[in-house]
Amino acid sequence: MENKSILLVEDDEDDVILMLRALKKNNIKNEIVVARDGVEALDYLFATGAYAGRNTAAMPAVVLLDLHLPKMDGIEVLRRLRADERTKLLAVVILTSSNEDSDKISGYALGANSYVRKPVDFNRFAQAVAQLGLYWLLLNESPPRTDPK
Amino acid sequence: MSTGLMPHGYCLLWSPGLLRLHVISDALIGLSYTTIPFTLAYFVRNRKDLPFSWMFLCFGLFIIACGATHYMEIWTLWVPSYWLSGFVKAVTAAASIPTAYLLVRLMPRALALPSPEQLLAANRKLGAEFAQRAKAEAKFQALLEAAPVAMVIVDPKGRIVIVNIQTEKLFGYRREELLGQTVEILIPGRYRSGHVGHRSHYFSSPRPRPMGAGLDLFGRRKDGSEFAVEISLSPLETEEETLVMSAIRDTTERKRGEDTLRDSKTRAEAAFEELEAFSYSVAHDLRAPLRKMDGFSQAVLDDYGDKLGPEGKDCLQRVRSASQNMAQLIDDLLSLSRVTRSEIHPEPVDLSAMAESIAADLRQSGPGREVQFVISPGLTASADAQLLADVLENLLSNAWKFTAGHSRARIEFGAVELQGLTSYFVRDDGAGFDPAFADKLFSPFQRLHKASEFPGSGIGLATVKRIIHRHGGRVWAESAVEKGAAFYFTLQAGRGDGGK
């Protein structure tokens, strides 16, 4: 389990801190990569820009994706992920404040694996993050790696 | 002269008395017979309209000849010119026979001549008809004058024949200025040539119809200003020709009204879109700070709880509660606004099944409680399924909540007929409320109980009311303190968006 990582795509500094605390509180010690916006997230996943040279074979076990991002919003990131062979099957959980039906529909239509609304109550929030982490890291069988030829 | 014949005086034995009698009589007759024809001639000349004037001439000739014979009687008393007198008689005979014959031939026609009474009666009748016709025309003109729109009647050559006072007012002309003019005088210059063609087209198949369907029409006043009009045409048959009657209405006001309406609609749509966008940002942006307030308060509790002491911890807990409260309020407000924004999709809904399902969930949420649910089976209605579910969810969970203080509770869902309408109700035997404050019940954020007694944001019933109103129904409640409460609602099937 330890070599699986989690990619957190979140621009809000406070939310990042809270989420890291939540994961730590629940003893999740895996590597957590934080991308502050959509461009950074894609750079990381496709090993471009600041992350050029990263081993793309090592994809995170799950991407926790916020919708409300600067430069490129979460839906657009999702679209690009699903459009690329390397990340088409990547587990993406939309973790956001929005409960609007339109966002849910777009998210699911574009192939998000899950849609979770961030609860205001921190304990419940921490619990949610932990449950997600545990599920995707432990229980879920990741799709087999397709090494680029 | 003396042919051996004796003058008539001898027959009379030259008796002076007899002679005098015959001479005077014959003279008078002759005189009369001579003047009568002149009188007749005078009559004929002065009544040239007489149909049988030639008859009178015949008579005249005949009478003159007759007179002549009487003069001859006087003459032949002394002079025996019996050939002459016989000849005059022959002439008279020649005049009299045809006259008599022609008179007989004339009789039928003469008899057919209308008597003076008949002529007078015929005259009177004509006079009456004429008066009636004049009345009808006056009535027609009065109708035209009384018409609320401008009426312009035009002949096949396009000349204005009749107008009414509205035309004068609308176009700013006196009617003398319009009568006899071509109707194009009332149209802006740029349309005039085209209109002439349209006119003849209309006359080729005249029927009642609006003019220029689908086009914007304009009239031109005397002062040159233009204004929008709406025109209806219809043919008017007279004995001589077909005229066209046009009714002209100024549509400036109506167009202004339509423009205003369109503007209002655009503004309303824009406002609606703004509301949608606002709700979306409310969902996202207002909740985020709350999450952080709660999260970091918890962080302090986690990391420094042992240093805080019970009061410190209590303060932070209250901060957390307040944040969560506010989040709930935001959610409730959002769902209230969603009800207003969303469209109603009516379909047949099984209310009893819905209630059963909600009751089952409630039972599961509090397994320790003894609550009897009495749900009438088979209650259906035509309504939006999701929104009705929200209504029942709200009413039933309220009933559940407000019976929590009692060890046993009874919650009913059913329907009654009230004033011809099916009224559904949720009744409980719980805490109830003071009916004096019943009207506050359905206002947002109004609560009739302390939050410590019964939790809740107070917005649930406002949502229920809005949903029911959008279905065109009514919602109301009856209660007494500690005697339970009953919440009723009706649904007007098919009326849809009946309320605010």
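A, B, ... follow the sequence lines: proteins, then strands. Residue 1 opens every chain. Keep in mind that this is a model prediction, so the values were computed, not measured.
Using a 4.5 Å heavy-atom cutoff, the side chains of A:Arg124 and B:Gln324 are not in contact. By the 4.5 Å heavy-atom criterion applied to side chains, B:Lys292 and A:Asp12 are counted as neighbours. Side-chain contact between A:Arg117 and B:Arg287: present, with at least one pair of heavy atoms (C-beta onward) separated by less than 4.5 Å.
Contacts of A:Asn123 with chain B are made by both backbone and side-chain atoms, with heavy-atom separations under 4.5 Å.
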Carefully, step by step, assess A:Arg21 and B:Asp303 under the rule salt bridge (Lys or Arg N to Asp or Glu O under 4.0 Å). CA-CA 11 Å; A:Arg21 283 185 71 94; B:Asp303 295 349; 2.8 Å; yes
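Taking a 6.0 Å sphere around OH of A:Tyr108, one finds it holds more than 12 heavy atoms contributed by other residues, nucleotides or ligands. The environment of CZ in A:Arg80 is sparse: at most 12 heavy-atom neighbours from other residues, nucleotides or ligands sit within 6.0 Å.
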